[in-house]
Visitor: 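My questions all concern the structure below.
Numbered from 1 within each chain, the chains take letters A, B, ... in sequence-line order. Quantities reported herein were computed from a predicted structural model and do not represent experimental measurements.
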Protein chains: 2
Amino acid sequence: MLTPGQRKVFDFIKDYISREGFAPSLAEIAAGLGTSSRGSMHKQVQALAAAGLIRLLPGRKRGIELVEDGADGDTPPATLPLLGRIAAGQPIQAIPDEQTLNLTEFLLGPNRFALRVQGDSMIEAGILDGDTVIVRRSDTAEDGDIVVALIDNEEATLKRFHRRVGGRIELAPENRSLRPLVLDARRVRIQGVLVSQLRTYD
Amino acid sequence: MLTPGQRKVFDFIKDYISREGFAPSLAEIAAGLGTSSRGSMHKQVQALAAAGLIRLLPGRKRGIELVEDGADGDTPPATLPLLGRIAAGQPIQAIPDEQTLNLTEFLLGPNRFALRVQGDSMIEAGILDGDTVIVRRSDTAEDGDIVVALIDNEEATLKRFHRRVGGRIELAPENRSLRPLVLDARRVRIQGVLVSQLRTYD
DNA sequence: GTTGAATGTTCTCCTTTTGTTCTCTATCCT
DNA sequence: AGGATAGAGAACAAAAGGAGAACATTCAAC
């Protein structure tokens, strides 16, 4: 296990290299951590090399290389630690009985598929252009579900589903600047119900 | 089996390590559990080591290592079929060279942890109350990143990060009815950068 | 080449943090 | 009552790591 100092040095080196394309000098590492001792950084860097996280080219200026190994040494798990609940203005509160997030059971399931969303029609439901949605195959839906529907066997659309009187169906976007569609049920074929949504920021 | 105290200590240690990247000191564990006795924590930690859940490096500061759970093997693929792109008013278009969505590489990675979001402060960024976010541990951020920040070592918050003149930092909610915070950089500690967001509708 | 600034290396000295050990108490449960 | 569990707090020693100096090398400019 790394000490706090080693951890900070290692993180700094990784950031620096990805930002600048070459390794930092000891003085730069020190400055990056708010100290001024090159000697101290030398010790830290030696410790990191001993831990196998970096490789040193002794004597060379900026002679630090990252050891390319899976990651930090840990294999990425199928689960992520779920630290708790974050609410503005409060410390992170642990969630009892729920310490890990199992992505598999969280997102996977029978008859599911994914779609990439294009457009802003569901923006007020928090589904943005470029998001990925996971859909459970189903030809029926509950009132209020968000569904993937095929209109006239032609156009596909992601909308909120409502039954209307007279066997009509409303497909409502979540975007004030767009109009809901109200259609005869025969023209609408439900293809699936939205079960989850995800987005990456990389 | 673990005693309640041991359980809490163990959970705290796991969360701390995934959040900070290094092990907590006994005093920090105590504070995390709302007590103040390092001596008592020392006993708990010894018991956890005896139970084989952690490994201790005697005498070392923060000398706690998590024992890797066996059964690691490889992460199961965890993929979903990616049918294509859905845009209102068009048929679903296949995305060339991208027929499956690999959730593992999409969401998992080293140094990541999850948090459940409470509140509407990021609603205009499409992050709603109850969503789960995945955060990459980092103590630095780029301008415009969404970060988990600790203010005065006390309050945690999820906000958009901007550097301001004079070494000040702006933490901006994505909600027109809330005000951005502008704080001295010394009061703000970045804990991680948002890498993804997910939501389920079950 | 020569040269000089940049940079790695080694040491010594110190401060602060932190593990360790002990003693005393306070609960809780059977 | 008696044991298991755990908190408070004090005292001590070791570890981590910063400061700063002195020296050795590297490396790019000349």
Visitor: Enter the distance from B:Gln191:CD to B:Ser138:OG here, rounded to the nearest 0.5 Å.
Guide: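 Between B:Gln191 CD and B:Ser138 OG, I get 11.0 Å after rounding to 0.5 Å.
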
Visitor: Identify, between A:Gly39 and A:Pro58, the residue whose nearest nucleotide on DNA chain D lies closer to the 5' end.
Guide: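 Nearer the 5' end of the strand: A:Gly39.
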
Visitor: Figure out the CG/P separation between B:Leu57 and C:dT18, and round it to whole Å.
Guide: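 Those two atoms, CG and P, are 15 Å apart.
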
Visitor: Does the side chain of A:Ser40 get closer than 4.0 angstrom to OP1 or OP2 of D:dG18 through an N or O atom?
Guide: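 Yes, within the criterion.
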
Visitor: Rounding to a whole Å, what distance do you find between B:Ile64:CD1 and C:dT18:P?
Guide: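 Going from CD1 in B:Ile64 over to P in C:dT18 covers 12 Å.
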
Visitor: OP1 or OP2 of D:dA6 versus the side-chain N and O atoms of B:Thr3: is any pair under 4.0 Å?
Guide: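 True: B:Thr3 side-chain N/O within range (under 4.0 Å) of D:dA6 OP1/OP2.
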
Visitor: Specify the separation, in whole Å, of atom CD of B:Gln46 and atom P of D:dA4.
Guide: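 Interatomic distance, CD of B:Gln46 to P of D:dA4: 18 Å.
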
Visitor: How is A:Ser37 classified with respect to the nucleic acid when contacts are heavy atoms under 4.0 Å: base, sugar-phosphate, or nothing?
Guide: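 Base contact.
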
Visitor: Ignoring hydrogens and geometry beyond distance, is a side-chain donor-acceptor pair present between A:Ser121 and A:Asn175 at under 3.5 Å?
Guide: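 Short answer, no.
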
Visitor: Using whole Å, report how far CZ of B:Arg60 lies from P of D:dA14.
Guide: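 Rounded to the whole Å, the gap is 13 Å.
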
Visitor: In whole Å, I'd like the distance from the CG atom of B:Leu26 to the P atom of C:dT16.
Guide: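 Those two atoms, CG and P, are 21 Å apart.
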
Visitor: Taking CE from B:Met41 and P from D:dA6, how many angstroms apart are they, rounded to a whole number?
Guide: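 In whole Å, D:dA6 P and B:Met41 CE are 9 Å from each other.
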
Visitor: Is the base of D:dT26 touched by the side chain of A:Lys61 through a donor-acceptor pair closer than 3.5 angstrom?
Guide: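 Donor-acceptor pair under 3.5 Å: yes.
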
Visitor: Please state whether the phosphate of C:dG8, meaning OP1 or OP2, lies under 4.0 angstrom from any side-chain nitrogen or oxygen of A:His42.
Guide: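 Checking C:dG8 against A:His42, no side-chain N or O comes under 4.0 Å of OP1 or OP2.
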
Visitor: Is the shortest side-chain N/O distance from A:Arg62 to OP1 or OP2 of C:dT7 below 4.0 Å?
Guide: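 Checking C:dT7 against A:Arg62, a side-chain N or O does come within under 4.0 Å of OP1 or OP2.
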
Visitor: From CG of A:Leu33 over to C1' of D:dG18, roughly how many Å is that when rounded to an integer?
Guide: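 Nearest whole value for this atom pair: 11 Å.
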
Visitor: Give a yes or no answer on whether the side chain of B:Arg62 reaches the backbone of B:Ala23 with a donor-acceptor pair at less than 3.5 Å.
Guide: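 Yes, the answer is positive, given that a donor and an acceptor are paired below the 3.5 Å cut-off.
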
Visitor: Starting from the 5' end of DNA chain C, give me the residue, B:Arg38 or A:Lys43, whose nearest nucleotide shows up first.
Guide: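 Nearer the 5' end of the strand: A:Lys43.
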
Visitor: Nearest whole angstrom, please: distance from the P of D:dA19 to the CD1 of A:Ile29.
Guide: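 So the two atoms are 15 Å apart, to the nearest Å.
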
Visitor: Does OP1 or OP2 of D:dA6 have a side-chain N or O of B:Gln44 closer than 4.0 Å?
Guide: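 The answer is yes; a side-chain N or O of B:Gln44 sits under 4.0 Å from OP1 or OP2.
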
